[in-house]
Amino acid sequence: MTYTINATHNPNLRSWVELANQPNTDFPIQNLPFGVFRRQDSLETPRIGVAIGDKILDLARCYQLSLLSELPEQVQIACTAPNLNLLMGMEITPRLALRHRLSQLLQADTQPHPPAEILISMSNAELLLPASIGDYTDFYASIFHASNVGKLFRPDNPLLPNYKYVPIAYHGRASSIVPSDTAIKRPSGQIKPPADSVPKFAPSQMLDYELEVGFFVGLGNQPGEPIHIDQAEAHIFGLCLVNDWSARDIQAWEYQPLGPFLAKSFATTISPWVVTLEALTPFRCPAFSRPEGDPQPLTYLSSPSDRSLGGINITLEVWISSAQMQQQGIQPWLLSRGSFQQMYWTLAQMLTHHASNGCNLRPGDLLASGTVSGAEVGSQGCLLEITQRGSQPITLPTGEIRKFLADGDEVILRGYCESAGYNRIGFGECRGRILNC
Ligand code: CA
């Protein structure tokens, strides 16, 4: 495998940052996810940080204090950049050297004890997009989501014949990717209710979220040079949570024959912390086991090591909080809980397929998995599936009814990994609230 267990995953490691040692934290010393921040209400240049408990380790400050001076110069320079692109584009060896150094700096017994000024409180920081995202591609890798949605739109023909051969995707819009906590404006567009003969232009009445996992390209490839599946993970830097906001009424009218366009391109929210593949090593698992009778992937998408460890065991949750719930102090309400293990295609298969025609991927490109839905009731990753396109509304704790999202609703995605013998790590939250019109 590209990534292996090492001393940074040791469950006995403790940090001098107190809250990083709590069993339920998303950010123990074994995680060390990267993000980009600036002090709240400041206009200072964004800086790279690493989440640790309730604090952010400021890498530019570490560099200024010569705390990174043993690392290769290219790593030191990358740590002082205003985004993660340079770090993402590095080979695995210098990336691993940085992870080991960060782990060492934050360990409880490290000597000499680093100065407190290398930390800032998360509550005093604004978290920004982690990378300059050149291109964004959204896959469709859950066969359960594809089948459920297919049934709603094409009852006679839910799963198209290419699905089990091709990791289906469309090119998304990079310009409207926003960090967690950005308010989302309800889009308007062409909508054609079934009973009408012509469309109208109006605000979407079927606004939805999609729970997805995103992965950032690390090392790029040259145009015309595909990536072998056994090399694919060396080209992936890390993962985040993605909410692919979707206007179902606009989508239903526009999607044929070329796929989603304005139903999706108005906004995509991502969580601010990028959890590296190194950090996820203890949570790897076999790829989805194809049922008897399904075709095997074509050779270029097939690899024994990807089959045995190409999956990642991430528990994914969606919570909702309506404006009324917020006013009444009612806690967010769980909409779904599922696992990333149930995806039909692995990250390596998606990336390999993307580059298989010679398409060049660049550091900081974002690829997303598509809606993560499982086979079980309660594991569907969007309202379209949960409410069966609005025909089975859900009731919130306030008695409010939802077919799709209402103004003022906040959607919160959470993700975390657990494995016997290792510390739990998490992704933090991906939040977005629909603005009141
Ligand atoms: Ca999607």
Side-chain angles (χ1 to χ4, degrees), residues 133 135-154 158-160 162-163 166-178 180 182 184 187 189 204 206-217 239-256 258-271 314 316-318 335-336 338-340 342-347 349-351 353-354 365-374 379-387 389 404-405 411-413 415 427 430-432 434:
I133 301 170
D135 279 297
Y136 162 47
T137 304
D138 196 17
F139 282 84
Y140 200 51
S142 160
I143 196 168
F144 303 107
H145 173 69
S147 305
N148 291 340
V149 171
K151 274 180 212 147
L152 293 169
F153 284 88
R154 297 178 304 273
L159 198 65
L160 295 171
N162 56 4
Y163 189 84
V166 181
I168 301 287
Y170 69 96
H171 287 294
R173 183 81 194 163
S175 68
S176 52
I177 298 174
V178 294
S180 183
T182 305
I184 303 299
S204 170
M206 298 172 77
L207 184 55
D208 200 356
Y209 62 85
E210 288 188 341
L211 163 68
E212 305 196 12
V213 170
F215 52 113
F216 280 97
V217 173
L239 277 59
C240 66
L241 305 175
V242 174
N243 182 342
D244 177 25
W245 302 98
S246 299
R248 301 301 185 190
D249 37 11
I250 299 172
Q251 186 180 357
W253 173 235
E254 77 171 5
Y255 90 106
Q256 288 180 322
L258 287 184
F261 182 37
L262 302 181
K264 306 268 192 179
S265 61
F266 59 96
T268 305
T269 304
I270 64 172
S271 58
I314 309 171
L316 295 161
E317 298 173 353
V318 184
L335 284 171
S336 71
S339 171
F340 195 56
Q342 297 212 10
M343 302 304 272
Y344 198 79
W345 297 103
T346 63
L347 301 184
Q349 287 173 320
M350 289 186 252
L351 184 123
H353 181 65
H354 202 317
D365 284 357
L366 180 66
L367 279 53
S369 63
T371 307
V372 184
S373 291
S379 66
Q380 280 74 30
C382 63
L383 284 176
L384 178 69
E385 289 172 75
I386 294 172
T387 71
R389 209 180 184 176
F404 289 98
L405 297 171
V411 177
I412 305 151
L413 313 183
F427 284 76
C430 176
R431 285 176 176 260
I434 311 301

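Indexing begins at 1, ligand by ligand and atom by atom, following the structure's order.
Cation-pi geometry between Arg389 and Phe153 is satisfied (NZ or CZ under 6.0 Å from the ring centre, within 45° of the ring normal).
In summary, the side chains of Ser204 and Asp249 do present a donor paired with an acceptor at a separation below 3.5 Å, with no hydrogens or angles considered.
Ring-plane geometry between Tyr163 and Tyr344 is classed as tilted, the angle between the planes lying from 30 to 60 degrees on a 0 to 90 degree scale.
Side chains of Leu347 and Leu239 form a contact here, defined as non-hydrogen atoms less than 4.5 Å apart. Looking at Val149 and Glu385, their side chains come closer than 4.5 Å, going by heavy atoms from C-beta outward.
Within the protein, the N, O or S atoms sitting under 3.0 Å from the Ca ion (ligand 1) are Asp138 OD2, Glu210 OE1, Glu212 OE2, Asp244 OD2.
No donor-acceptor pair closer than 3.5 Å links the side chain of Ser265 to the backbone N or O of Arg173.
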